[in-house]
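Beneath this line is the structure, given in structure tokens, with notes to follow.
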Amino acid sequence: VNTELSLLQRDKSEYTSIKNSSGSSEIVDYGTTEISVSEALKRTDDDIARNQQLLTFLQKQVADLPKQNETAKVMLAALK
């Protein structure tokens, strides 16, 4: 997820540079299609937001693992 986020941020930087030098209607490659740089920036911003949400969710899950492990131990002990 971090790698994907880094790639998206790099893409955003490239699109921003193109927009600043050539204008918002410049056509750029976006995946396997060609779209305006403005649309590429919008889509990339959306992708970054989703990626950050996923990263936050996964970090929370990892942080909760010790608590879940302790709960499981207590439950297993109760079954003995």
Side-chain angles (χ1 to χ4, degrees):
V1 175
N2 279 330
T3 301
E4 180 71 16
L5 189 56
S6 295
L7 292 173
L8 288 167
Q9 289 168 335
R10 186 197 70 205
D11 289 348
K12 181 178 179 176
S13 177
E14 289 177 20
Y15 294 142
T16 300
S17 177
I18 292 168
K19 182 179 178 184
N20 290 340
S21 65
S22 301
S24 60
S25 61
E26 182 73 17
I27 300 299
V28 296
D29 289 332
Y30 186 87
T32 59
T33 63
E34 292 184 341
I35 59 176
S36 71
V37 71
S38 291
E39 181 64 19
L41 277 166
K42 179 189 173 306
R43 291 183 187 185
T44 302
D45 283 338
D46 292 345
D47 290 343
I48 287 171
R50 278 191 298 277
N51 212 281
Q52 287 175 325
Q53 288 174 341
L54 176 59
L55 182 58
T56 299
F57 173 75
L58 292 174
Q59 287 171 333
K60 183 179 180 331
Q61 282 190 318
V62 168
D64 288 345
L65 284 174
K67 184 171 68 173
Q68 292 172 2
N69 187 41
E70 286 305 312
T71 301
K73 286 180 183 177
V74 169
M75 293 178 84
L76 285 172
L79 293 174
K80 292 182 178 179

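These numbers come from the heavy atoms of this one structure, side chains and all, not from hydrogens, waters or symmetry mates. Fair warning: this is a prediction, and the values are worked out from it, not measured in the lab. Here, residue 1 is the first one in the sequence, and each next residue gets the next number.
- Residues forming a salt bridge (charged side-chain N to carboxylate O under 4.0 Å, His left out) with Glu4 (at least two apart in sequence, or on another chain): none.
- Annotation: salt bridge (charged side-chain N to carboxylate O under 4.0 Å, His left out) contacts of Glu70 (sequence neighbours excluded): Lys73.
- Applying the salt bridge (charged side-chain N to carboxylate O under 4.0 Å, His left out) rule to pairs touching residues 18-38 yields nothing, sequence neighbours excluded.
- Hydrophobic cluster membership is shared by Leu58 and Leu8, with clusters built from Ile, Leu, Val, Met, Phe, Trp and Tyr side chains linked at under 4.5 angstrom.
- Taking Lys60 as the reference, Asp64 meet the side-chain hydrogen bond (donor to acceptor under 3.5 Å, both in side chains) condition, with sequence neighbours excluded.
- The side-chain contact (heavy atoms from CB on, under 4.5 Å) search around Leu5 returns Gln9, Ile48, Asn51, Gln52, Leu55, not counting sequence neighbours.
- A side-chain hydrogen bond (donor to acceptor under 3.5 Å, both in side chains) check over residues 37-48, counting only residues at least two apart or in different chains, returns the pairs Lys12-Asp45, Tyr30-Asp47, Glu39-Arg43, Lys42-Asp46, Asp47-Arg50.
- Between atom OG of residue Ser24 and atom OH of residue Tyr15 there is a gap of 15.0 Å, rounded to the nearest 0.5 Å.
- Take Glu14 and apply the salt bridge (charged side-chain N to carboxylate O under 4.0 Å, His left out) test, not counting sequence neighbours, and it matches Arg10.
- Ile27 forms part of no hydrophobic cluster, judged by ILVMFWY side-chain heavy-atom separations under 4.5 Å.
- Checked options Thr33, Leu41, Ile18; the residue passing with Val28 is Ile18 (criterion: side chain to side chain contact (heavy atoms under 4.5 Å, CB included)).
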